[in-house]
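Everything numeric in this text was worked out from a predicted model, so none of it was measured. Below, read A as the first sequence line, B as the second, and so on, with proteins coming before strands; counting in each chain starts at 1.
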Amino acid sequence: MIFRAKHLLGIEPLHPTEITALLDLADSYAEHNRRGVAHRDVLAGLTQINMFFENSTRTQASFELAGKRLGADVMNMGMQASSIKKGETLIDTALTLNAMRPDLLVVRHPHSGAVDLLAQKVNCAVLNAGDGRHEHPTQALLDALTIRRAKGRLHRLSIAICGDIAHSRVARSNIMLLGKMENRIRLIAPPTLMPSGVADFGVEVFENMEEGLKDVDVVMMLRLQKERMDGGFIPSEREYFHRYGLDAAKLAHAKPDAIVMHPGPMNRGVEIDGTIADDINRSVIQEQVEMGVAVRMAAMDLLAQNLRASRSPQEVMV
Amino acid sequence: MTATFFANARLIDPVALTDGPGGILIADGVIKEVFEAGATPPKSANVIDCGGRCLAPGIIDIGVKVSEPGERHKESFRSAGRAAAAGGVTTIVTRPDTLPAIDTPETLEFVERRAQEDAPVHVLPMAALTKGRDGREMTEIGFLQDAGAVAFTDCDRVVTNTKVFSRALTYARSLDALVIGHVQEPGLSEGAAVTSGKFASLRGLPGVSPMAERMGLDRDISLLEMTGARYHVDQITTARALPALERAKRNGLKITAGVGVHHLTLNELDVADYRTFFKLKPPLRSEEDRVAVVQAVAEGLIDIISSMHTPQDEESKRLPYEEAASGAVGLETLLPAALRLYHAEMIDLPRLFRAMSLNPAHLLGLSAGRLLPEAPADLILFDPDAPFQLDRTTMLSKSKNTPFDGARMQGRVIGTWVNGNRVWESL
């Protein structure tokens with residue numbers, strides 16, 4: 001088996017061959033989704049629980065749709081309104097859920113490492129849907145699939161990641177994934193939004209956007225995460241847009257066929273000009289959303305195969 | 001009282017900085033005489049054959065948190081006292097960051113009474129520098145000193161109002177009271193779970209620059225120049241703070257510094273996959289910082305090693321890393337952890353005990369901490385080489401939050417004596 005992992009907690013532990021295997025499967029799911037081919041037998045009889053300790057509409061909907069297309073019984077738990085408010089600890093919540101015997105657990109949590117902690121306590125496959133500033137592996141995988149489909153390859157590309165890198169789990173997972181696949185990564189941000197120790201990441205670091213975008217194949221914009229900022233990272237949104245917002249003039253420094261990406265939700269007029277985001281010749285933002293479903297189908301398919309293989313024959317019969 | 005003679009010992013003398021064979025005669029709770037190797041004991045004395053193992057002055061551990069009053073389920077005077085005896089600590093100097101804080105003579109008396117009842121080792125209490133450790137009004141430093149407080153500290157809370165802090169230092173100076181400070185600049189440190197850098201960024205954890213320590217130290221050194229107070233830094237953990245400390249000492253300020261044993265033996269990478277037992281305050285540092293700080297202890301620039309014993313229950317540690325409580329227990333692992341530096345040949349045993357026994361005694365004006373006639377017979381007998389694997393469930397502390405669980409360590413305490421009475425014996 002090429003993909004051996006029990007959980008999908010991050011990109012860091014994955015081997016390049018595992019990433020390729022997952023993307024290949026996701027690519028075929030993307031084609032089937034376009035043609036309307038159903039696969040309701042893949043996760044039939046399995047229960048998928050989406051536990052979101054942090055607000056999310058897009059990611060949760062994407063995981064829900066992916067599960068349903070593969071025939072899983074999907075349940076959403078909005079954890080902000082739940083027992084956490086009553087003082088239950090994360091571990092107790094995990095044990096309670098575990099007793100309900102789910103098969104796939106999709107978790108988003110505001111604290112880095114929380115999903116790892118939870119995965120240690122349950123018997124099912126856990127998918128990290130974003131933990132604090134740590135990782136968001138399915139986002140990086142869907143970005144990779146989008147790039148591969150647009151550029152025909154996922155290596156030896158020059159890729160710029162721009163914006164609020166310090167607060168971004170998307171950036172961390174992407175740096176890890178694109179690095180493993182041997183691409184040239186450029187980080188562009190004001191120094192206050194650059195993570196500490198970035199010089200040791202094996203990337204090129206730019207504070208000037210025009211310089212950073214020079215001749216890149218892919219421009220990956222990040223959302224300015226105002227909700228994670230306790231003030232004082234940038235002087236104002238309009239100055240930020242002027243210096244780091246992606247508009248036609250800045251994009252002109254990239255290769256003529258460079259694609260523009262954004263994980264969403266966008267702050268139009270803050271990190272990206274609306275006309276760029278809507279330019280169907282440059283922007284692949286809608287394709288990213290489409291690939292999101294396919295990548296999540298592939299991830300759950302592979303984890304479910306490993307889960308079934310690890311369970312005893314009698315248990316599977318029941 | 002009959003005399004006891006420790007024969008055939010390897011004496012660790014932190015005053016003469018020697019490590020060699022000899023014997024010690026104790027009686028009436030004090031050391032009577034120190035003998036050369038091969039000396040014959042007085043006929044009337046009980047003889048303990050040390051079998052060539054190390055005999056050293058007991059450890060004086062400054063900054064131990066005993067969770068009485070308020071959180072006795074985490075640690076009591078009884079459990080902390082037994083853990084200390086087992087770890088070769090003959091004097092624990094307690095922190096006032098309890099619930100409530102030890103900030104009045106009345107609460108201090110409670111601590112002293114409970115310690116007297118239950119702890120088999122010496123307990124010397126510290127008191128808060130400001131009421132409720134809130135950094136607004138100084139405590140009754142004079143009354144507290146009369147009631148037995150050996151030092152004044154708000155522990156890990158920094159007195160941010162420099163006017164309040166300068167007045168407290170000035171007042172403390174008039175009483176020759178010792179003030180212990182935490183020099184992590186609070187604005188920069190706020191919300192931090194680890195030291196900033198590549199590791200912090202990879203784990204997505206909020207970090208604090210190591211520079212926060214030097215900033216805090218620089219401020220406090222300026223205040224010492226202003227006030228002339230007697231001041232001890234609880235923990236110096238970064239290389240960048242060392243030149244400032246060295247300069248302040250050279251300029252004749254009454255400043256000393258300590259470091260926790262965990263910062264001498266672990267680094268930030270030990271946190272690995274969000275292991276909350278490694279969450280400390282200040283956070284663990286880079287390997288470069290660790291080595292620099294060990295060097296500073298060996299040279300005597302950093303004066304004191306302590307355990308920074310901080311009991312936390314399972315519930316406060318089994319949380320996502322950012323939410324988990326800080327601190328680790330250390331009374332029972334202080335000696336074997338410190339001996340890692342000896343086995344790594346980074347420091348010799350007399351210098352290690354200078355930092356763990358003699359210097360704390362100097363700082364607090366105690367006659368313990370040395371192998372000299374008339375010093376209290378607070379002694380430990382240990383085998384520095386005996387290997388073991390730590391199992392945290394066997395520890396005597398009520399809280400088991402040690403970062404060394406499962407670690408292979410060397411160094412076993414065979415016996416601990418307090419005022420000549422044996423309080424620990426390992427079979």
Side-chain angles (χ1 to χ4, degrees), chain A residues 9-13 53-54 84 87-95 107 109-121 128 130-136 165-173 175-176 179 187 193-203 205 225 228-232, chain B residues 185-213 238 240 267-279 282-289 312-326 401 405-406:
Chain A
L9 299 177
I11 298 297
E12 196 180 3
F53 293 88
E54 195 179 62
I84 300 298
E88 189 176 64
T89 66
L90 180 65
I91 287 180
D92 285 334
T93 306
L95 294 176
V107 187
H109 197 282
H111 288 308
S112 303
V115 182
D116 295 57
L117 180 66
L118 200 140
Q120 292 164 17
K121 307 290 171 188
N128 182 359
D131 63 324
R133 310 174 184 181
H134 179 218
E135 282 230 42
H136 191 356
I165 295 163
H167 296 98
S168 177
R169 54 196 173 212
V170 175
R172 278 173 186 65
S173 289
I175 291 167
M176 219 103 56
L187 303 185
L193 294 178
M194 203 66 93
S196 61
V198 71
D200 301 327
F201 275 43
V203 297
V205 177
Q225 301 204 36
R228 286 185 205 280
M229 294 186 183
D230 48 15
Chain B
E185 203 284 317
L188 219 47
S189 305
E190 192 186 340
V194 290
T195 303
S196 62
K198 186 186 179 191
F199 178 78
S201 292
L202 281 177
R203 288 290 174 271
L205 291 170
V208 57
S209 165
M211 196 61 94
E213 184 168 287
T238 62
R240 281 194 178 124
N267 69 30
E268 58 184 352
L269 300 181
D270 286 303
V271 171
D273 288 326
Y274 305 100
R275 296 195 290 173
T276 57
F277 281 15
F278 292 79
K279 185 176 179 184
L284 287 170
R285 306 301 194 182
S286 68
E287 178 64 5
E288 292 74 28
D289 278 332
Q312 299 288 3
D313 54 20
E314 302 289 302
E315 281 66 41
S316 47
K317 283 288 188 184
R318 288 174 66 193
L319 292 169
Y321 198 84
E322 282 172 68
E323 292 186 320
S326 300
N401 55 310
D405 186 37

message: For A:Arg172, which atoms come within 4.5 Å of any heavy atom of chain B: side chain, backbone, both, or neither?
response: side chain
query: For the residue pair A:Phe201 and B:Ser201, what are the closest heavy atoms and their distance?
result: CZ-CB, 3.5 Å
message: Testing the basics here: between A:Ile91 and B:Arg318, what is the closest heavy-atom pair and its distance to 0.1 Å?
response: CG2-NH2, 3.3 Å
field: Nearest heavy-atom neighbours spanning B:Pro320 and A:Leu90
entry: CG-CD2, 3.9 Å
query: Crowded around B:Glu287 CD? As in, over 12 foreign heavy atoms under 6.0 Å?
result: yes
task: Output the distance between atom CG (A:Asp116) and atom CZ (B:Arg275), rounded to the nearest 0.5 Å.
output: 13.0 Å
field: Spacing of B:Glu322 atom CD and A:Arg133 atom CZ [to the nearest 0.5 Å]
entry: 7.0 Å
- request: Against chain B, work out which of A:Ala166, A:Gly113, A:Pro195 has the most heavy-atom pairs shorter than 4.5 Å and name it.
  value: A:Gly113
query: salt bridge (charged side-chain N to carboxylate O under 4.0 Å, His left out) with B:Asp273: which residues, sequence neighbours excluded?
result: B:Arg203
message: Strictly distance-based, threshold 3.5 Å: is any side-chain N or O of A:Ser196 a donor or acceptor partner for the main-chain N or O of B:Ser196?
response: no
field: Heavy-atom closest pair, residues B:Leu202 and A:Met176
entry: CD2-SD, 4.3 Å
- prompt: Who are the salt bridge (charged side-chain N to carboxylate O under 4.0 Å, His left out) partners of A:Glu135, not counting sequence neighbours?
  reply: none
field: Gap separating the CD atom of B:Glu323 from the OG1 atom of A:Thr89, nearest 0.5 angstrom
entry: 10.0 Å
